[in-house]
Amino acid sequence: MKNRIIITLCLYLIGLSYFEFLRRSYAIKINFLTSTTNIVDKHQEGLVNDFNIYSKENHLNITLERTCLSPQNVSVKVSNYASFIELKLKKKNTNYDLILIDNIYTNLYSNYVVDINKLVSVPLFIDSEILYSNRKLLDRYDEKPPETWDELIRIASKIKKK
């Protein structure tokens with residue numbers, strides 16, 4: 001009975017060692033290409049660091065590595081990032097597993113991705129546009145803040161004429 005327990009324990013430890021070997025042997029590295037105006041981007045770095053900490057704590061054995069294109073480290077201007085990405089995709093470059101893109105370029109890149117009948121993405125940021133109004137100027141001309149483009153054009157024309 002004692003020998004049976006020892007043999008079972010040894011087989012269990014051998015099994016654990018084998019799975020640990022497999023886990024370490026099949027580490028996954030995800031290359032993440034981003035662009036920003038400053039190479040030090042606390043938001044992007046935070047996302048990568050948070051993911052890597054989560055992966056380590058949960059024994060996922062996945063590492064996210066960020067390559068950042070910025071005016072400080074490349075000759076390609078950040079304004080040309082969209083063209084740069086399209087060039088990489090046209091050449092079927094496989095250096096990057098994830099690419100940060102602005103959603104306005106989704107159609108530009110659609111020919112280079114696998115058709116899975118839906119867009120798969122992670123929203124890393126949200127853009128918002130705000131139109132401010134001058135309350136004193138609106139009050140002077142007895143107007144309320146515009147709620148439509150037509151109202152904006154009408155009010156701006158009225159103020160400009162006077």
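Source: prediction; values computed, not measured.
- One hydrophobic cluster holds both Leu98 and Tyr54 under the rule that ILVMFWY side chains link at heavy-atom gaps under 4.5 Å.
- The side chain to side chain contact (heavy atoms under 4.5 Å, CB included) test applied to Tyr141 returns Leu137, Glu143, Lys158, Ile159, Lys162, not counting sequence neighbours.
- Atom CD1 of Ile99 is separated from atom OG of Ser35 by 12.0 Å, given to the nearest 0.5 angstrom.
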Stepwise side chain to side chain contact (heavy atoms under 4.5 Å, CB included) test for Leu64 and Leu47: CA-CA 9 Å; Leu64 187 58; Leu47 290 168; over 6 Å; no

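- In this structure the side chain of Leu33 never reaches within 4.5 angstrom of the side chain of Asn95, judged on heavy atoms.
- For Ile62 against Ser55, the heavy-atom pair with the smallest separation is O-OG, 2.6 Å.
- Of the residues Glu45, His43, Arg66, the one that meets the side chain to side chain donor-acceptor pair (under 3.5 Å) test with Thr34 is Arg66.
- The number of heavy atoms from other shown groups lying within 6.0 Å of CG (Asp142) does not exceed 12.
- Partners of Lys90 by side chain to side chain contact (heavy atoms under 4.5 Å, CB included), not counting sequence neighbours, listed by chain and number: Glu86, Tyr112.
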Verdict with supporting geometry, Leu138 and Ile155, side chain to side chain contact (heavy atoms under 4.5 Å, CB included): CA-CA 8 Å; Leu138 290 171; Ile155 294 169; 3.8 Å; yes

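- Residues Arg135 and Pro145 have side chains in contact (heavy-atom distance under 4.5 Å, counting atoms from C-beta outward).
- A donor-acceptor pair is defined here as one N or O able to donate and one able to accept, closer than 3.5 Å; such a pair exists between the side chain of Asn73 and the backbone of Cys68.
- Leu100 places a side-chain heavy atom less than 4.5 Å from the side chain of Gln44.
- Judged by distance alone, with hydrogens and angles left aside, the side-chain atoms of Asp97 form a donor-acceptor pair with the main-chain N or O of Asn31 at under 3.5 Å.
- Ile28 is connected to Leu60 through a chain of hydrophobic side-chain contacts under 4.5 Å among Ile, Leu, Val, Met, Phe, Trp and Tyr, so both are in one cluster.
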